[in-house]
Asker: 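Just dropping this structure here.
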Amino acid sequence: MTDAAPTARAPRLAAELLDWYDRHARAMPWRTGPAARADGVRPDPYRVWLSEIMLQQTTVAAVKPYFEAFTARWPTVSDLAAAADADVMAAWAGLGYYARARNLLKCARAVAETHEGIFPDSHDALLSLPGVGPYTAAAVSAIAFDRPETVVDGNVERVMARLHDEHTPLPAAKPILTEHARALTPPERPGDYAQAVMDLGATICTPRNPACGLCPWRTDCAAWAAGTAPELPKKAPKKVKPTRHGIAYLARRVDGAWLLETRPETGLLGGMLGWPGTDWFSSDAALPDDAPPIRAEWRTLSEEARHTFTHFHLRLTLRVALVPMDRAPCRGEFIPAPEFRPADLPTLMRKAFDLARPR
DNA sequence: AAAGCGTGGAA
DNA sequence: TTTCCAAGCTT
(Lines give C-alpha, C1' and ligand atoms only; values in the text may rest on other atoms or scores of the structure.)
Protein backbone atom coordinates (compact mmCIF):
# COMPACT_ATOMS: atom_id res chain seq x y z
CA MET A 1 0.00 0.00 0.00
CA THR A 2 2.99 2.30 -0.14
CA ASP A 3 1.90 3.58 -3.54
CA ALA A 4 -1.86 3.59 -3.19
CA ALA A 5 -2.11 6.19 -0.45
CA PRO A 6 -0.24 9.07 -2.14
CA THR A 7 -1.98 8.34 -5.44
CA ALA A 8 -5.40 8.19 -3.87
CA ARG A 9 -5.03 11.60 -2.28
CA ALA A 10 -4.43 13.31 -5.64
CA PRO A 11 -8.14 13.75 -6.50
CA ARG A 12 -8.80 15.17 -3.04
CA LEU A 13 -5.92 17.63 -3.30
CA ALA A 14 -7.06 18.76 -6.74
CA ALA A 15 -10.62 19.21 -5.49
CA GLU A 16 -9.46 21.19 -2.46
CA LEU A 17 -7.33 23.44 -4.62
CA LEU A 18 -10.13 24.06 -7.14
CA ASP A 19 -12.43 24.93 -4.26
CA TRP A 20 -9.84 27.41 -2.98
CA TYR A 21 -9.46 28.81 -6.49
CA ASP A 22 -13.22 29.29 -6.87
CA ARG A 23 -13.13 31.48 -3.78
CA HIS A 24 -9.84 33.31 -4.36
CA ALA A 25 -9.15 33.53 -8.09
CA ARG A 26 -7.85 36.95 -9.00
CA ALA A 27 -9.39 38.82 -11.91
CA MET A 28 -6.97 39.42 -14.76
CA PRO A 29 -7.48 40.93 -18.21
CA TRP A 30 -6.75 37.63 -19.94
CA ARG A 31 -9.02 35.54 -17.72
CA THR A 32 -12.65 34.61 -18.29
CA GLY A 33 -14.87 35.52 -15.35
CA PRO A 34 -16.48 32.82 -13.18
CA ALA A 35 -19.96 33.46 -14.60
CA ALA A 36 -18.85 33.05 -18.20
CA ARG A 37 -16.76 30.04 -17.24
CA ALA A 38 -19.79 28.40 -15.64
CA ASP A 39 -21.56 28.86 -19.00
CA GLY A 40 -18.76 26.94 -20.67
CA VAL A 41 -17.17 29.99 -22.26
CA ARG A 42 -13.47 29.46 -22.95
CA PRO A 43 -11.01 32.33 -23.03
CA ASP A 44 -9.71 33.51 -26.42
CA PRO A 45 -6.62 31.40 -27.26
CA TYR A 46 -4.95 34.46 -28.76
CA ARG A 47 -5.26 36.34 -25.48
CA VAL A 48 -4.14 33.32 -23.46
CA TRP A 49 -1.09 32.84 -25.67
CA LEU A 50 -0.22 36.55 -25.64
CA SER A 51 -0.51 36.75 -21.86
CA GLU A 52 1.58 33.62 -21.36
CA ILE A 53 4.39 34.92 -23.58
CA MET A 54 4.37 38.25 -21.74
CA LEU A 55 4.29 36.52 -18.35
CA GLN A 56 7.46 34.51 -19.03
CA GLN A 57 9.84 35.60 -16.24
CA THR A 58 7.75 38.74 -15.83
CA THR A 59 5.40 39.91 -13.09
CA VAL A 60 1.64 40.27 -13.54
CA ALA A 61 1.87 43.96 -12.62
CA ALA A 62 4.43 44.62 -15.35
CA VAL A 63 2.45 42.71 -17.96
CA LYS A 64 -1.00 44.26 -17.47
CA PRO A 65 -0.49 47.59 -19.30
CA TYR A 66 1.36 45.88 -22.16
CA PHE A 67 -1.37 43.27 -22.52
CA GLU A 68 -4.04 45.99 -22.65
CA ALA A 69 -2.07 47.98 -25.23
CA PHE A 70 -1.38 44.97 -27.46
CA THR A 71 -4.95 43.65 -27.46
CA ALA A 72 -6.38 47.12 -28.07
CA ARG A 73 -4.04 47.72 -31.01
CA TRP A 74 -4.01 44.15 -32.37
CA PRO A 75 -7.30 42.45 -31.35
CA THR A 76 -6.64 39.19 -33.20
CA VAL A 77 -3.63 37.09 -34.06
CA SER A 78 -4.12 37.99 -37.71
CA ASP A 79 -3.97 41.70 -36.84
CA LEU A 80 -0.72 41.08 -35.01
CA ALA A 81 0.65 39.00 -37.88
CA ALA A 82 0.09 41.95 -40.22
CA ALA A 83 1.86 44.46 -37.97
CA ALA A 84 5.21 46.02 -38.88
CA ASP A 85 8.17 44.56 -37.00
CA ALA A 86 9.30 47.98 -35.74
CA ASP A 87 5.84 48.73 -34.34
CA VAL A 88 5.74 45.50 -32.34
CA MET A 89 9.28 45.93 -31.03
CA ALA A 90 8.48 49.52 -30.00
CA ALA A 91 5.29 48.38 -28.26
CA TRP A 92 7.30 45.73 -26.37
CA ALA A 93 9.98 48.25 -25.31
CA GLY A 94 10.49 48.20 -21.54
CA LEU A 95 9.10 44.71 -20.99
CA GLY A 96 12.45 42.98 -21.52
CA TYR A 97 13.58 39.68 -23.02
CA TYR A 98 13.10 41.04 -26.51
CA ALA A 99 13.52 37.66 -28.20
CA ARG A 100 9.97 37.13 -26.96
CA ALA A 101 8.73 39.96 -29.15
CA ARG A 102 10.61 38.72 -32.19
CA ASN A 103 9.24 35.20 -31.66
CA LEU A 104 5.78 36.62 -30.93
CA LEU A 105 5.63 37.99 -34.45
CA LYS A 106 7.03 34.81 -35.99
CA CYS A 107 4.43 32.80 -34.09
CA ALA A 108 1.54 35.10 -35.02
CA ARG A 109 2.53 34.87 -38.67
CA ALA A 110 2.83 31.08 -38.47
CA VAL A 111 -0.66 30.82 -36.95
CA ALA A 112 -2.11 33.27 -39.47
CA GLU A 113 -0.51 31.63 -42.48
CA THR A 114 -0.35 27.91 -41.76
CA HIS A 115 -3.23 27.56 -39.29
CA GLU A 116 -5.58 30.07 -40.95
CA GLY A 117 -5.54 32.27 -37.86
CA ILE A 118 -6.71 29.49 -35.54
CA PHE A 119 -4.44 28.46 -32.66
CA PRO A 120 -3.78 24.72 -32.48
CA ASP A 121 -5.10 23.07 -29.32
CA SER A 122 -2.63 20.22 -28.86
CA HIS A 123 0.50 20.46 -26.75
CA ASP A 124 2.72 19.15 -29.55
CA ALA A 125 1.40 21.51 -32.22
CA LEU A 126 1.75 24.47 -29.86
CA LEU A 127 5.27 23.37 -28.91
CA SER A 128 6.38 23.64 -32.52
CA LEU A 129 5.56 27.36 -32.63
CA PRO A 130 8.33 29.97 -32.16
CA GLY A 131 8.74 31.12 -28.56
CA VAL A 132 6.45 28.39 -27.23
CA GLY A 133 8.24 25.95 -24.94
CA PRO A 134 6.99 23.16 -22.68
CA TYR A 135 5.42 25.48 -20.13
CA THR A 136 3.61 27.75 -22.59
CA ALA A 137 2.39 24.84 -24.73
CA ALA A 138 0.86 23.22 -21.66
CA ALA A 139 -0.57 26.49 -20.38
CA VAL A 140 -2.32 27.42 -23.65
CA SER A 141 -3.59 23.88 -24.17
CA ALA A 142 -4.94 23.67 -20.61
CA ILE A 143 -6.24 27.23 -20.10
CA ALA A 144 -7.61 27.99 -23.55
CA PHE A 145 -8.79 24.49 -24.50
CA ASP A 146 -9.26 22.83 -21.11
CA ARG A 147 -7.00 19.96 -22.02
CA PRO A 148 -5.47 17.94 -19.15
CA GLU A 149 -1.91 19.24 -19.57
CA THR A 150 0.44 19.84 -16.67
CA VAL A 151 1.96 23.29 -16.36
CA VAL A 152 5.33 23.51 -14.61
CA ASP A 153 6.52 27.04 -14.03
CA GLY A 154 8.51 28.50 -11.15
CA ASN A 155 5.41 28.57 -8.97
CA VAL A 156 4.62 24.92 -9.55
CA GLU A 157 8.23 23.92 -8.94
CA ARG A 158 8.13 25.71 -5.59
CA VAL A 159 4.75 24.30 -4.56
CA MET A 160 5.77 20.74 -5.49
CA ALA A 161 9.17 21.03 -3.78
CA ARG A 162 7.41 22.02 -0.57
CA LEU A 163 4.47 19.63 -0.81
CA HIS A 164 6.96 16.75 -1.14
CA ASP A 165 9.77 18.32 0.93
CA GLU A 166 12.10 17.82 -2.02
CA HIS A 167 15.60 19.12 -1.21
CA THR A 168 17.31 18.30 -4.50
CA PRO A 169 18.42 21.66 -5.89
CA LEU A 170 17.04 23.09 -9.13
CA PRO A 171 17.46 22.64 -12.00
CA ALA A 172 18.36 18.99 -11.24
CA ALA A 173 15.05 18.58 -9.38
CA LYS A 174 12.96 19.66 -12.38
CA PRO A 175 12.07 16.14 -13.65
CA ILE A 176 11.10 15.01 -10.14
CA LEU A 177 8.92 18.07 -9.55
CA THR A 178 7.36 17.73 -12.99
CA GLU A 179 6.35 14.17 -12.20
CA HIS A 180 4.82 15.25 -8.89
CA ALA A 181 2.85 17.93 -10.72
CA ARG A 182 1.68 15.50 -13.38
CA ALA A 183 0.44 13.04 -10.77
CA LEU A 184 -1.80 15.75 -9.28
CA THR A 185 -3.32 17.13 -12.49
CA PRO A 186 -7.03 16.23 -12.52
CA PRO A 187 -9.04 15.21 -15.59
CA GLU A 188 -11.76 17.70 -14.66
CA ARG A 189 -11.24 21.48 -15.05
CA PRO A 190 -7.54 21.14 -15.93
CA GLY A 191 -7.47 24.75 -17.13
CA ASP A 192 -8.72 26.11 -13.82
CA TYR A 193 -6.46 23.71 -11.98
CA ALA A 194 -3.40 24.94 -13.89
CA GLN A 195 -4.15 28.53 -12.95
CA ALA A 196 -5.00 27.50 -9.39
CA VAL A 197 -1.59 25.92 -8.70
CA MET A 198 0.16 28.96 -10.11
CA ASP A 199 -2.07 31.32 -8.11
CA LEU A 200 -1.33 29.30 -4.99
CA GLY A 201 2.39 29.75 -5.60
CA ALA A 202 1.98 33.43 -6.39
CA THR A 203 -0.15 34.38 -3.40
CA ILE A 204 0.23 31.74 -0.62
CA CYS A 205 3.20 29.49 -1.30
CA THR A 206 5.47 32.47 -1.99
CA PRO A 207 9.28 32.37 -2.19
CA ARG A 208 9.67 34.32 1.05
CA ASN A 209 7.37 34.27 4.05
CA PRO A 210 4.89 31.72 2.69
CA ALA A 211 1.41 32.11 4.20
CA CYS A 212 1.16 28.47 5.23
CA GLY A 213 -1.64 29.29 7.67
CA LEU A 214 -3.90 30.12 4.72
CA CYS A 215 -2.86 27.22 2.49
CA PRO A 216 -5.50 24.67 1.46
CA TRP A 217 -2.75 22.04 1.15
CA ARG A 218 -1.13 22.76 4.52
CA THR A 219 -2.15 19.49 6.21
CA ASP A 220 -0.75 17.48 3.26
CA CYS A 221 2.45 19.50 2.95
CA ALA A 222 5.63 17.61 3.89
CA ALA A 223 7.67 20.82 4.16
CA TRP A 224 5.06 22.32 6.48
CA ALA A 225 5.37 19.26 8.71
CA ALA A 226 9.17 19.45 8.57
CA GLY A 227 9.29 23.22 8.97
CA THR A 228 11.35 23.54 5.80
CA ALA A 229 8.89 25.39 3.53
CA PRO A 230 10.66 28.79 3.56
CA GLU A 231 13.99 27.29 2.45
CA LEU A 232 12.55 25.37 -0.52
CA PRO A 233 13.12 24.96 -3.36
CA LYS A 234 16.89 24.67 -3.10
CA LYS A 235 18.71 26.29 -5.99
CA ALA A 236 22.19 26.04 -7.44
CA PRO A 237 24.35 28.95 -6.27
CA LYS A 238 24.35 32.00 -8.53
CA LYS A 239 27.40 33.44 -10.17
CA VAL A 240 28.50 36.98 -9.45
CA LYS A 241 27.77 39.48 -12.19
CA PRO A 242 30.81 41.12 -13.77
CA THR A 243 30.78 44.81 -14.72
CA ARG A 244 31.23 45.93 -18.33
CA HIS A 245 31.94 49.34 -19.80
CA GLY A 246 31.23 50.98 -23.12
CA ILE A 247 30.46 54.26 -24.87
CA ALA A 248 27.16 55.40 -26.40
CA TYR A 249 26.84 58.36 -28.75
CA LEU A 250 23.76 60.56 -28.59
CA ALA A 251 23.69 62.93 -31.56
CA ARG A 252 20.97 65.55 -31.86
CA ARG A 253 20.67 67.38 -35.15
CA VAL A 254 19.89 71.10 -34.99
CA ASP A 255 16.33 70.38 -36.18
CA GLY A 256 15.82 68.13 -33.15
CA ALA A 257 16.23 64.77 -34.90
CA TRP A 258 18.10 62.03 -32.98
CA LEU A 259 20.60 59.57 -34.45
CA LEU A 260 19.51 56.01 -33.68
CA GLU A 261 20.06 52.56 -35.11
CA THR A 262 18.19 49.28 -35.04
CA ARG A 263 20.28 46.70 -33.26
CA PRO A 264 21.04 43.34 -34.91
CA GLU A 265 18.27 40.72 -34.67
CA THR A 266 20.25 38.42 -32.42
CA GLY A 267 21.90 39.07 -29.10
CA LEU A 268 21.27 41.55 -26.33
CA LEU A 269 18.41 43.99 -27.04
CA GLY A 270 18.19 42.37 -30.48
CA GLY A 271 15.92 44.15 -32.94
CA MET A 272 15.47 47.14 -30.64
CA LEU A 273 16.29 50.78 -31.26
CA GLY A 274 19.46 52.02 -29.60
CA TRP A 275 22.15 54.66 -29.60
CA PRO A 276 25.18 53.88 -31.74
CA GLY A 277 28.15 52.91 -29.60
CA THR A 278 31.06 50.66 -28.89
CA ASP A 279 30.88 47.05 -27.83
CA TRP A 280 30.81 46.53 -24.07
CA PHE A 281 33.96 45.21 -22.42
CA SER A 282 34.90 43.77 -19.06
CA SER A 283 35.89 46.41 -16.56
CA ASP A 284 39.56 45.54 -16.23
CA ALA A 285 40.12 46.75 -19.78
CA ALA A 286 40.43 50.45 -20.53
CA LEU A 287 37.47 52.26 -22.07
CA PRO A 288 37.23 51.26 -25.75
CA ASP A 289 38.53 53.48 -28.54
CA ASP A 290 36.39 56.45 -29.44
CA ALA A 291 34.21 55.49 -32.43
CA PRO A 292 31.60 58.22 -32.98
CA PRO A 293 28.94 57.54 -35.65
CA ILE A 294 29.21 61.04 -37.13
CA ARG A 295 31.77 63.82 -37.25
CA ALA A 296 30.97 66.37 -34.56
CA GLU A 297 32.26 68.07 -31.43
CA TRP A 298 31.58 65.39 -28.87
CA ARG A 299 31.23 66.17 -25.18
CA THR A 300 31.37 63.49 -22.47
CA LEU A 301 28.65 63.64 -19.82
CA SER A 302 29.77 63.60 -16.22
CA GLU A 303 27.24 60.91 -15.36
CA GLU A 304 27.26 57.36 -16.74
CA ALA A 305 24.16 55.35 -17.52
CA ARG A 306 24.10 52.39 -15.14
CA HIS A 307 22.06 49.32 -15.88
CA THR A 308 21.99 45.70 -14.76
CA PHE A 309 21.19 42.92 -17.19
CA THR A 310 20.61 39.27 -16.37
CA HIS A 311 24.27 38.37 -16.30
CA PHE A 312 26.31 41.60 -16.01
CA HIS A 313 26.31 45.18 -14.81
CA LEU A 314 26.89 47.89 -17.39
CA ARG A 315 28.35 51.37 -16.95
CA LEU A 316 27.84 53.27 -20.15
CA THR A 317 29.81 56.45 -20.82
CA LEU A 318 27.62 58.93 -22.68
CA ARG A 319 28.94 61.28 -25.35
CA VAL A 320 26.67 63.94 -26.81
CA ALA A 321 26.87 66.30 -29.79
CA LEU A 322 24.78 68.85 -31.62
CA VAL A 323 25.32 68.37 -35.35
CA PRO A 324 24.48 70.58 -38.34
CA MET A 325 21.92 69.58 -40.96
CA ASP A 326 24.23 68.77 -43.86
CA ARG A 327 26.27 66.00 -42.37
CA ALA A 328 25.80 62.26 -42.97
CA PRO A 329 26.34 59.63 -40.25
CA CYS A 330 28.39 56.50 -40.91
CA ARG A 331 26.04 54.52 -38.66
CA GLY A 332 22.31 54.70 -37.91
CA GLU A 333 19.85 57.26 -39.17
CA PHE A 334 18.27 60.42 -37.88
CA ILE A 335 14.72 60.07 -36.57
CA PRO A 336 12.80 63.35 -36.82
CA ALA A 337 11.70 64.76 -33.48
CA PRO A 338 7.95 64.28 -34.12
CA GLU A 339 8.47 60.56 -34.79
CA PHE A 340 10.81 59.88 -31.89
CA ARG A 341 9.25 58.49 -28.72
CA PRO A 342 11.62 57.66 -25.85
CA ALA A 343 9.13 55.01 -24.73
CA ASP A 344 10.02 53.03 -27.87
CA LEU A 345 13.52 52.48 -26.46
CA PRO A 346 14.61 49.60 -24.25
CA THR A 347 15.21 50.77 -20.71
CA LEU A 348 18.99 51.12 -20.92
CA MET A 349 18.71 53.35 -23.99
CA ARG A 350 15.91 55.38 -22.39
CA LYS A 351 18.09 55.93 -19.30
CA ALA A 352 20.85 57.23 -21.57
CA PHE A 353 18.40 59.55 -23.29
CA ASP A 354 17.10 60.88 -19.98
CA LEU A 355 20.64 61.83 -19.00
CA ALA A 356 21.51 63.39 -22.36
CA ARG A 357 18.31 65.18 -23.38
CA PRO A 358 18.45 68.98 -23.41
CA ARG A 359 16.98 70.50 -20.27
C1' DA B 1 23.72 21.41 -21.31
C1' DA B 2 25.00 25.53 -19.67
C1' DA B 3 24.76 30.13 -20.83
C1' DG B 4 22.44 34.12 -22.79
C1' DC B 5 18.65 36.93 -22.49
C1' DG B 6 15.56 42.54 -19.26
C1' DT B 7 13.24 44.76 -16.07
C1' DG B 8 11.27 46.74 -11.88
C1' DG B 9 9.67 45.83 -7.28
C1' DA B 10 10.46 44.01 -2.73
C1' DA B 11 13.27 43.10 1.23
C1' DT C 1 23.13 49.31 -2.15
C1' DT C 2 22.70 44.80 -3.24
C1' DT C 3 20.30 40.67 -3.88
C1' DC C 4 16.60 38.08 -5.25
C1' DC C 5 13.18 37.09 -8.04
C1' DA C 6 8.63 36.74 -11.73
C1' DA C 7 3.26 32.44 -15.44
C1' DG C 8 10.89 30.30 -19.69
C1' DC C 9 12.81 29.77 -24.35
C1' DT C 10 16.64 29.24 -27.44
C1' DT C 11 21.02 27.73 -28.87
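Every chain is numbered from 1 and lettered A, B, ... according to where its sequence line falls, protein lines coming before strand lines.
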Asker: Are the aromatic ring centres of A:W258 and A:W275 under 6.0 angstrom apart?
Answerer: yes
Asker: Taking atom types as modelled, find out whether A:H313 and A:T308 have a side-chain donor-acceptor pair closer than 3.5 angstrom.
Answerer: yes
Asker: How close or far is atom P of B:dT7 from atom CG of A:L345, stated in whole angstroms?
Answerer: 11 Å
Asker: Return whichever of A:V132 or A:L55 has its heavy-atom-nearest nucleotide of DNA chain C closer to the 5' end.
Answerer: A:L55
Asker: Among the nucleotides B:dC5, C:dC4, B:dT7, which one has an atom lying closest to any side-chain atom of A:H311?
Answerer: B:dC5
Asker: Does the side chain of A:D290 come under 3.5 Å of the side chain of A:Y249 through a donor N or O and an acceptor N or O?
Answerer: yes
Asker: Are the side chain of A:K235 and the backbone N or O of A:P169 linked by a donor-acceptor pair below 3.5 Å?
Answerer: no
Asker: Give the dot-bracket line for DNA chain C from 5' end to 3' end: parentheses for intra-strand Watson-Crick or G-U pairs under 3.5 Å, square brackets for crossings, | for inter-strand pairing, dots for unpaired.
Answerer: .|||||.||||
Asker: Looking at every strand, decide which applies to A:L95 at a 4.0 Å heavy-atom threshold: base, sugar-phosphate, or nothing.
Answerer: base
Asker: Assign A:M28 to base, sugar-phosphate, or nothing according to its heavy-atom contacts below 4.0 angstrom with the strands shown.
Answerer: base
Asker: If the cut-off is 4.0 Å, is A:R100 near the phosphate of C:dT10, judged by side-chain N/O to OP1 or OP2?
Answerer: no
Asker: Give me the distance, rounded to whole Å, that separates B:dG6 from C:dT11 when you measure between the P atoms they each carry.
Answerer: 14 Å
Asker: Which sits closer to the 5' end of DNA chain B, A:P171 or A:L348, going by the nucleotide each is nearest to?
Answerer: A:P171
Asker: Between C1' on C:dC9 and CD on A:E157, what's the gap in Å once rounded to a whole number?
Answerer: 14 Å
Asker: Going by heavy atoms closer than 4.0 Å, what residues in residues 189-212 of chain A are next to DNA chain C?
Answerer: A:M198, A:D199, A:P207
Asker: Nearest-Å distance, NZ (A:K241) to P (C:dT3)?
Answerer: 9 Å
Asker: A:F309 CZ to B:dG4 P: how many Å, rounded?
Answerer: 14 Å
Asker: For A:R31 and A:Q195, which I'm curious about, is there any donor-acceptor pair between the side chains at under 3.5 Å?
Answerer: yes
Asker: Indicate, yes or no, whether a donor-acceptor pair under 3.5 Å links the base of B:dG6 to the side chain of A:T58.
Answerer: yes
Asker: Can you measure A:L314 atom CG to B:dT7 atom P for me and round it to whole angstrom units?
Answerer: 11 Å
Asker: Does B:dG6 have its OP1 or OP2 closer than 4.0 Å to a side-chain nitrogen or oxygen of A:H307?
Answerer: no
Asker: Closest approach of A:A139 and A:V48, non-hydrogen atoms and distance?
Answerer: O-CG1, 4.5 Å
Asker: Check the side chains of A:R162 and A:T228 for a donor-acceptor pair under 3.5 angstrom, ignoring hydrogens and angles.
Answerer: no
Asker: Has A:T347 got a side-chain N or O lying under 4.0 Å from the OP1 or OP2 atom of B:dG6?
Answerer: no
Asker: Within the pair A:Q57 and C:dA6, is there a side-chain N or O less than 4.0 Å away from OP1 or OP2?
Answerer: no
Asker: Between C:dC9 atom C1' and A:W92 atom CH2, what is the distance in whole Å?
Answerer: 12 Å
Asker: Flag the pair A:E16 and A:R12 as a salt bridge only when some basic side-chain nitrogen lies within less than 4.0 angstrom of an acidic carboxylate oxygen.
Answerer: yes
Asker: Let's see if you can work this out: which of C:dC9, B:dG8, B:dG6 has an atom nearest to the side-chain heavy atoms of A:R350?
Answerer: B:dG8
Asker: How many Å lie between CD on A:E265 and C1' on B:dC5, as a whole number?
Answerer: 15 Å
Asker: Classify the side chain of A:T59 versus the base of B:dG9 as yes if they form a donor-acceptor pair under 3.5 Å and no if they do not.
Answerer: no
Asker: Under 3.5 Å, is there a donor-acceptor pair linking the side chains of A:K241 and A:H311?
Answerer: no
Asker: What's A:T136 touching, base or sugar-phosphate or nothing? Going by heavy atoms closer than 4.0 Å.
Answerer: sugar-phosphate
Asker: Quick one: label A:R158 by what it contacts on the DNA or RNA (base, sugar-phosphate, nothing), any heavy atom closer than 4.0 Å.
Answerer: sugar-phosphate
Asker: Tell me whether the side-chain N/O atoms of A:Y97 come closer than 4.0 Å to OP1 or OP2 in C:dA6.
Answerer: no
Asker: At less than 4.0 Å, is any side-chain N or O atom of A:R263 found next to OP1 or OP2 of B:dG6? Yes or no.
Answerer: no
Asker: Please state whether the phosphate of B:dT7, meaning OP1 or OP2, lies under 4.0 angstrom from any side-chain nitrogen or oxygen of A:T310.
Answerer: no
Asker: Establish, for the pair A:R244 and A:F312, whether the NZ or CZ atom is under 6.0 angstrom from the six-membered ring centre and no further than 45 degrees off its axis.
Answerer: yes
Asker: Looking at the side chain of A:P134, which of C:dA6, C:dC9, B:dG6 is the nearest nucleotide?
Answerer: C:dC9
Asker: Any side-chain to backbone donor/acceptor pair from A:D192 onto A:R189? Under 3.5 Å, distance only.
Answerer: no
Asker: Does a nitrogen or oxygen in the side chain of A:K239 sit under 4.0 Å from OP1 or OP2 of B:dA3?
Answerer: yes
Asker: Of the non-hydrogen atoms in A:A81 and A:A108, which two are nearest, and what is the gap between them?
Answerer: CB-O, 3.6 Å
Asker: Could you check how far CE of A:M89 sits from C1' of B:dC5, rounded to whole Å?
Answerer: 12 Å
